[in-house]
Number of protein chains: 2
Amino acid sequence: MHRETLQRYMNYLLLLTKLKSEGRATVTSDELAVREGVTGSRVRQDLSALRILGKPRQGYRIADLEILISSMLDILSAKPVALVGIGNLGRALVLSDIWSHAGFDLVALFDNDPALIGTSVAGLPVRDAAIMERFIQEQGIESACLALPADKAQAVADRLVDAGVRALWNFALIDLDVPAGIIVENQRLEQGLMALSFRIAKRNQDIARGPQD
Amino acid sequence: MHRETLQRYMNYLLLLTKLKSEGRATVTSDELAVREGVTGSRVRQDLSALRILGKPRQGYRIADLEILISSMLDILSAKPVALVGIGNLGRALVLSDIWSHAGFDLVALFDNDPALIGTSVAGLPVRDAAIMERFIQEQGIESACLALPADKAQAVADRLVDAGVRALWNFALIDLDVPAGIIVENQRLEQGLMALSFRIAKRNQDIARGPQD
DNA sequence: CCGCTCTCGGTACCCGGTTATCGATTCTAC
DNA sequence: GTAGAATCGATAACCGGGTACCGAGAGCGG
């Protein structure tokens, strides 16, 4: 599945949550399509791929969509995950509610700063990074989040993989080098900002060239 | 230009920086291609679109690529940008070096927490959100970053747009409703984590189905 | 009960992104 | 200087995601 398709599913889910909160029970393919800048045909194909059936003149049942998309993304489970690096970014992530929304259960925090070790964030103790491997092995944790400076990320990633972690969510701006089969999802904040820069430049060019085109 | 193409350019840039730091002066299309999981043909077309010329048996000059890709993304400029919301995420962003790397100059911080107003982060004073509109108008700031809870983001976005901001980098997990012509770049951390969840589920399925396929 | 309308499900088509291919060019080796 | 290898630039072929279209079924109005 292509990244863009996956993103559409996630956006459907976001929109469904909003619709449900408004009391809606069903939604048509065209409604979902407009928000994504895509046609109803595409939405129907997306949903058809998940074996979701709608009804003519009614649309799709929102509850069904939520369950099926969620289970495809496997965000209803509670995969244990560790977070390494309790800086500002790490703390922001700990305090957010994204973990459960994405099927994870944040169970451990690690840092190597003596001033932080032993403190708590959102009820979770910050543990000494020195015991990281042992803890991860004992708990059978297979996912980890790296909220570290770029120069420390590779070394920590190596240690995590050795300890049994098989999926990494990486915020450091480097290309992690990991063995085959280990999943790395890079969250490149910088790229979002660069994309914004590009879009601004493009808009300004377009305006300069022909405002009414 | 499609999002994926844009991302390739940004990844080229990231790799070029790394290569340059290793002392390399030129790079071949195939080298760039491998990292992106794409063919040399595609890279050559990407670069050709920027009117970048390479030389047979040598490749492309890294310095040229950097300049041309950077100027396409307009990341060599220093567009003033304001950041609203000095929580953990906001602080992490202030302290990062992404702004200059993406062609922005972080010039103002805003929050409405009296305990924060007047303090400094990375040398920048946190200003009272009450004077946000005036400051932005006076300084001619056209870009802003929203590092706020979802329930406050829309209201702040409205105020910013009224004050003249025309591009938003939004970390709140909502679809901002803005007038036509205003650019919104959503940085959905949640989606990165969901994508990781999906990829883990998919890998586990693949392994269960046929390890050697 | 009978059309009418709306929306789904499936199919065919289209377009653009990706790959493959080939001639052209330049560097290396001898 | 010449042969050979490597790599670019351009073009053609391919492929798959996206769209358009059409028939079918479900609700609505009379």
Side-chain angles (χ1 to χ4, degrees), chain A residues 1-13 15-16 19-20 24-69 72-73 191 195 198-199 202, chain B residues 1-12 15-16 19-20 23-69 72-73 191 195 198-199 202:
Chain A
M1 174 175 308
H2 283 226
R3 189 158 199 87
E4 215 156 302
T5 307
L6 185 57
Q7 194 144 345
R8 270 205 308 281
Y9 282 116
M10 295 191 287
N11 286 342
Y12 295 157
L13 206 50
L15 184 53
L16 289 171
L19 289 173
K20 199 172 67 169
R24 296 278 304 276
T26 61
V27 63
T28 67
S29 54
D30 277 338
E31 281 179 297
L32 289 171
V34 171
R35 294 297 196 94
E36 290 305 304
V38 89
T39 64
S41 275
R42 184 93 283 280
V43 174
R44 289 198 291 278
Q45 281 184 349
D46 284 342
L47 301 185
S48 177
L50 296 186
R51 314 257 182 256
I52 299 174
L53 294 182
K55 282 190 177 177
R57 210 180 158 90
Q58 266 184 277
Y60 298 87
R61 282 182 43 199
I62 289 178
D64 291 356
L65 292 187
E66 279 190 316
I67 291 174
L68 281 160
I69 296 178
M72 178 196 66
L73 298 171
Q191 291 199 348
F198 171 76
R199 291 173 62 189
K202 188 164 183 304
Chain B
M1 173 175 309
H2 284 226
R3 189 158 198 88
E4 214 155 303
T5 308
L6 184 58
Q7 194 144 343
R8 269 205 308 281
Y9 281 117
M10 294 190 288
N11 286 342
Y12 295 156
L15 184 54
L16 289 172
L19 288 173
K20 199 173 64 169
R24 296 279 303 275
T26 60
V27 63
T28 67
S29 54
D30 276 338
E31 282 179 297
L32 289 172
V34 171
R35 294 298 196 95
E36 290 304 303
V38 90
T39 64
S41 275
R42 182 92 284 278
V43 174
R44 290 198 291 278
Q45 282 184 348
D46 283 342
L47 300 185
S48 176
L50 296 186
R51 314 257 181 256
I52 299 174
L53 294 181
K55 282 190 178 177
R57 208 177 158 97
Q58 266 184 276
Y60 298 85
R61 282 183 42 200
I62 289 178
D64 290 356
L65 293 186
E66 279 190 315
I67 291 174
L68 281 160
I69 296 178
M72 178 197 66
L73 297 172
Q191 292 199 347
F198 170 76
R199 291 173 62 189
K202 188 164 182 306

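Just so it is clear: chains get the letters A, B, ... in the order the sequence lines come, proteins before strands, and each one is counted from 1. What you see is a predicted model; the values in this text were computed from it and never measured.
- Atom CZ in A:R3 sits about 19 Å away from atom P in C:dG17, given to the nearest Å.
- Regarding contacts with the backbone of D:dG27, a side-chain N or O of A:Q58 is found under 4.0 angstrom from either OP1 or OP2.
- A search for side-chain hydrogen bond (donor to acceptor under 3.5 Å, both in side chains) contacts involving B:R24 returns B:E31, not counting sequence neighbours.
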Checklist entry - Could you go step by step and tell me if A:F198 and B:M1 meet the side-chain contact (heavy atoms from CB on, under 4.5 Å) rule? => result CA-CA 10 Å; A:F198 171 76; B:M1 173 175 309; 4.1 Å; yes

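- Applying the salt bridge (Lys or Arg N to Asp or Glu O under 4.0 Å) test to B:R35 and every residue at least two apart in sequence or in another chain returns A:D175.
- Nucleotide C:dT19 holds its P atom 10 Å from the CD atom of B:E4, rounded to whole Å.
- For A:K20, the salt bridge (Lys or Arg N to Asp or Glu O under 4.0 Å) test picks out A:E66, with sequence neighbours left out.
- Rounding to whole angstrom units, CG of residue B:D30 and C1' of D:dT7 are separated by 8 Å.
- Remark: P of C:dC27 and CZ of B:R57 are 9 Å apart, rounded to the nearest angstrom.
- Here A:E36 pairs with nothing under the salt bridge (Lys or Arg N to Asp or Glu O under 4.0 Å) rule; sequence neighbours left out.
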Cut-off 3.5 Å, no hydrogens considered: what does the side-chain donor-acceptor table look like for residues 43-51 of chain A, sequence neighbours left out?
unit_1: A:R44; atom_1: NH1; unit_2: A:S29; atom_2: OG; d: 3.0
unit_1: A:Q45; atom_1: OE1; unit_2: A:R42; atom_2: NH2; d: 2.6
unit_1: A:D46; atom_1: OD1; unit_2: A:R8; atom_2: NH2; d: 3.1
unit_1: A:D46; atom_1: OD1; unit_2: A:R42; atom_2: NH1; d: 2.8
unit_1: A:D46; atom_1: OD2; unit_2: A:R8; atom_2: NE; d: 2.6
unit_1: A:D46; atom_1: OD2; unit_2: A:R8; atom_2: NH2; d: 3.3
unit_1: A:D46; atom_1: OD2; unit_2: A:Y12; atom_2: OH; d: 2.7

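- For the pair B:H2 and C:dG16, the criterion of a side-chain N or O lying under 4.0 Å from OP1 or OP2 is not met.
- Each of A:T5 and A:P56 was assigned the nucleotide of DNA chain D with the nearest heavy atom; the assignment lying further toward the 5' end belongs to A:T5.
- One atom, CG of B:L6, and another, C1' of C:dG17, lie 15 Å apart when rounded to the nearest Å.
- Within residues 38-53 of chain A, the residues that have a heavy atom under 4.0 Å from DNA chain D are, in order of number, A:V38, A:T39, A:S41, A:R42, A:R44, A:Q45.
- In this structure, A:R8 places its CZ atom 9 Å from P of D:dG17, rounding to the nearest Å.
- Rounded to whole angstrom, the span from the OH atom of B:Y60 across to the P atom of D:dA6 amounts to 18 Å.
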